[in-house]
Each structure stands twice: as C-alpha cells, then as structure tokens.
J.: 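Handing you a structure now.
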Amino acid sequence: MLPILMFQTVVIQLGLTQIKLPRSGRQNSPFPQDRPPSRWDKRDGRLPNPGSFDGLHRNCKDVFPQQVEGVKMIINKTLSSFFKVSHTFHLSAVAPSNYRFHVEYLQSDTDSKETSSPMLIGEMDSSGSLNAHSLFHLSERMRAKAVFQTQQSQFVTWQFETEYRGSDFTAAVTMANPDILRESVIMVAHFLQSVSPQLVLGGELVYHRGRAEEGGILTLAGQYSGPNWVATVNAGKGGAHASYYHRANKQIQVGVEFEASTRTQETTFSFGYQMELPEANMIFRGMLDSRCIIGGVLEKRLCPLPATLIMGAFVNHRGDKLQVGLGVNVG
C-alpha cells in the first residue's frame, strides 16, 4: 500500500512540474543556474540550450514570496572559497521548533568541469532528519545527481538522475525510490528541444512499477519567450500547469500561475509580484491566490552590517488564519 500512495503523490507532482526536493533558502538550487532559454546565440547562429525541465516555471516562481512563520535566525559562515556552513534556529508555533546545520562543498561550474570535482550539499536537523545532494560532472555535457532524504531513522527518498545537454536540447533520466524487495521503482524521462530562438517544446514521461499496479503518465510542455516575458504551459493526464512571467522594468516583476489537478479536482490561480528598491536595499514580494490567501515578505539589507532582516505575513481569509514571521539572515 505504501508504494501506491507514494506513486500517487509523486506522479501528481511530476505530471505538473517536477520532483520536489528539499531546498535551503530562497534559491531554487545551490547548483549553477540555467541561462535564459530565450537568447539567440549570435556567435554561430545556433539555437541555445533550453535548460532543464524543472526550470521551465522558475522565472515565475521566483517572483512569489516564500511563506514565513515564527522566528528564524540564519547564520552563514564561509570557511573557504568552496566550503560554506550555516546554522538555522527556528521557533515556530505551528510546527516543532528545530535547529538545522547546513554545509556546502561547491566549486565554480568551470572548475568542476575541468577537475571533475563533486558538489556536495548536506543538511541535518535536531530530530536527526538528513537531506543530502551531490552533483558530478561526468563530461562537459553530461552530469549526474544523487539525492538522499531521511526522516529521523527511516529513508524517505533516494533518487539518481543523469542529464545530457546538447547544443539545442536537454535529455534526462531519473530513477526514484528503487526497492528490490517490494519490486517497485519510479522512472522519469525528460526531453526539451529548442525549436526557435523563442520556442521550446518537450515532454515528461513518468513510469511506475509495483506489486499492486503499473502505469505511466505523459506530460507535454512548451515555453515561448519574448524580450521581457516568458509563457510556459505543462499539460497531461495528471493536470495542467501554466505560468506567465513579465519584467515591467528593473524594479518590478510580476508572475501569474494557473494549476489544475485531475486527482483532487481542484484548480488554483495565483498572482505574484516583486518590487526592488536598490536605493533602500529592500525587496518586497507579494501574492494573492484564488483560495483567498494574501501574503507578503519584505527583505531589508541592514547596511553596513552583513545581515538581512526578513518580515512576512500571510492571511487566509477563507480559513480565518494568520501567520506572521520574522527572520534575520547573517552573513
């Protein structure tokens, strides 16, 4: 019964976007980010690489604020040019308070390709749960990634991914939670192709095999980019996910998301925006969705101190709930 429930959860996520992995901080990934897929390579007239499948909606998602609750303090320390650690203290009224220790061994993308050095990331909390990521550049165009996640003393996720990036396409294969004893495994295949300087097309195939059932879900994806906007859509048996990102100017960015799930028979519509005030060292992100949830997060750089003050509030008018958070990021 456990593999079936796990498959239903992962398939819905994969059918709409991608496998959800634990991440630290606001950044989507500590690994090198993809370059914008809408730029034409004028040096030799070839199409650019479209990037990874899980980065299709990245521009829009980065505009939305991350929910803040309770009191949190993050202390970052750079021990060398490639070794960093951080300590996180979180006091929460909703979930148990905890402490997290985060460590990163990273090198630049160029150095990693030349020396075949791995990129390693690990995080452990006070309950004993562990999240571990590793990235290896097998060649200039191929890289492998491994993810392990435990909840206290039990393994929750173990995932292996291989990705190949051609001049104008990206292909990836992922194997998640293989279990020989229970005869279950989840396989995911991604493919993206740059059709024109503005248009990217591709798809995702999720296959599951277990004792109780066996099946697959196909999701098609497309992205069209303009000078200052990006429109993306994913559609398949599991549902649909559409997003639109627009950069109005250097200070203001907006994003709109629409998600529909065939399993839960629910649809959500979200609007988010980001406003930057460089003169005041401030960034504000706000959002509003169809579930009557309104929220905002303000980040203020406390110059000349190496610290950032984070204040956020989210109101659920339908559920009559309020969450307020305050945080300080040092380093």
J.: Using side-chain heavy atoms (C-beta onward) and a distance below 4.5 Å, is N59 in contact with W229?
T.: no
J.: Using atom types as modelled and distance alone, determine if a side-chain donor or acceptor of R247 lies under 3.5 Å from a backbone N or O of K250.
T.: yes
J.: I need the minimum non-hydrogen distance between S52 and D54, along with the two atoms involved.
T.: OG-OD1, 2.7 Å
J.: Verify the distance criterion only: is there a donor paired with an acceptor across the side chains of H57 and S243 at less than 3.5 Å?
T.: yes
J.: Specify whether Y164 and F169 have parallel, tilted or perpendicular ring planes, treating 30° as the upper limit for parallel and 60° as the lower limit for perpendicular.
T.: tilted
J.: Could you check Y244 against F271 for ring-ring contact (aromatic ring centres under 6.0 Å, His included), going step by step and ending with a plain yes or no?
T.: CA-CA 10 Å; Y244 176 79; F271 170 78; over 10 Å; no
J.: Under the criterion ring-ring contact (aromatic ring centres under 6.0 Å, His included), I'd like the reasoning laid out for F258 against H241: C-alpha separation, chi angles, the key distance, then a yes or no.
T.: CA-CA 6 Å; F258 172 81; H241 182 192; 9.0 Å; no
J.: Can a donor-acceptor pair be found between the side chains of N76 and N329 at a distance below 3.5 Å?
T.: yes
J.: Please determine whether residues V85 and Y105 belong to a single hydrophobic cluster, defined as Ile, Leu, Val, Met, Phe, Trp and Tyr linked transitively by side-chain heavy-atom distances below 4.5 Å.
T.: yes
J.: If you measure only the distance, is there a donor-acceptor pair under 3.5 Å linking the side chains of S92 and E69?
T.: yes
J.: Ring-plane angle category for F148 and F160, please: parallel below 30°, perpendicular beyond 60°, tilted otherwise.
T.: perpendicular
J.: Given 3.5 Å as the limit, does a donor-acceptor pair link the side chain of W158 with the main chain of Q149, or not?
T.: no
J.: Return the minimal non-hydrogen interatomic distance between Q152 and S129, and the atom names on each side.
T.: N-OG, 3.0 Å
J.: Do Q253 and Y245 have a side chain donor and acceptor closer than 3.5 Å?
T.: yes
J.: S196 side chain to L199 main-chain N or O, any donor-acceptor pair under 3.5 Å?
T.: yes
J.: Cut-off 3.5 Å, side chains only: do Q159 and N177 have a donor facing an acceptor?
T.: no
J.: For residues L302 and L277: do they belong to one hydrophobic cluster (side chain heavy atoms under 4.5 Å, members Ile, Leu, Val, Met, Phe, Trp, Tyr)?
T.: yes
J.: If you round to the nearest 0.5 Å, how far is OH of Y273 from CZ of F284?
T.: 4.0 Å
J.: Should the pair E140-R165 be classified as a salt bridge under the 4.0 Å nitrogen-to-oxygen rule?
T.: no
J.: Answer yes or no: is there a side-chain heavy-atom contact under 4.5 Å between T150 and L130?
T.: yes
J.: Has T262 got a side-chain atom pairing as donor or acceptor with K237's backbone, closer than 3.5 angstrom?
T.: yes
J.: Going by an N to O cut-off under 4.0 Å, is there a salt bridge joining R285 and E299?
T.: yes
J.: Treating Ile, Leu, Val, Met, Phe, Trp and Tyr as nodes and any side-chain heavy-atom pair under 4.5 angstrom as an edge, say whether F83 and I75 lie in one connected cluster.
T.: yes
J.: Between the main-chain N or O of Q151 and the side-chain N or O of Q154, is there a donor-acceptor pair closer than 3.5 Å?
T.: no
J.: Nearest 0.5 angstrom please: R141 CZ to T170 OG1, how far?
T.: 10.0 Å
J.: Knowing that exactly one of L220, L56, V188 qualifies, which makes a side chain to side chain contact (heavy atoms under 4.5 Å, CB included) with E204?
T.: V188
J.: I'd like to know whether CZ of F101 has more than 12 heavy-atom contacts from other residues, nucleotides or ligands below 6.0 angstrom.
T.: yes
J.: Evaluate whether atom CD1 of I180 has more than 12 neighbouring non-hydrogen atoms of other residues, nucleotides or ligands under 6.0 angstrom away.
T.: no
J.: Can you find a side-chain donor-acceptor pair between S270 and E257 that sits under 3.5 Å?
T.: no
J.: Quick one: does any side-chain atom of K300 pair with a main-chain N or O of A280 as donor and acceptor, under 3.5 Å?
T.: yes
J.: Evaluate the side-chain proximity of R209 to S184: yes if any heavy-atom separation is below 4.5 Å, no if none is.
T.: no
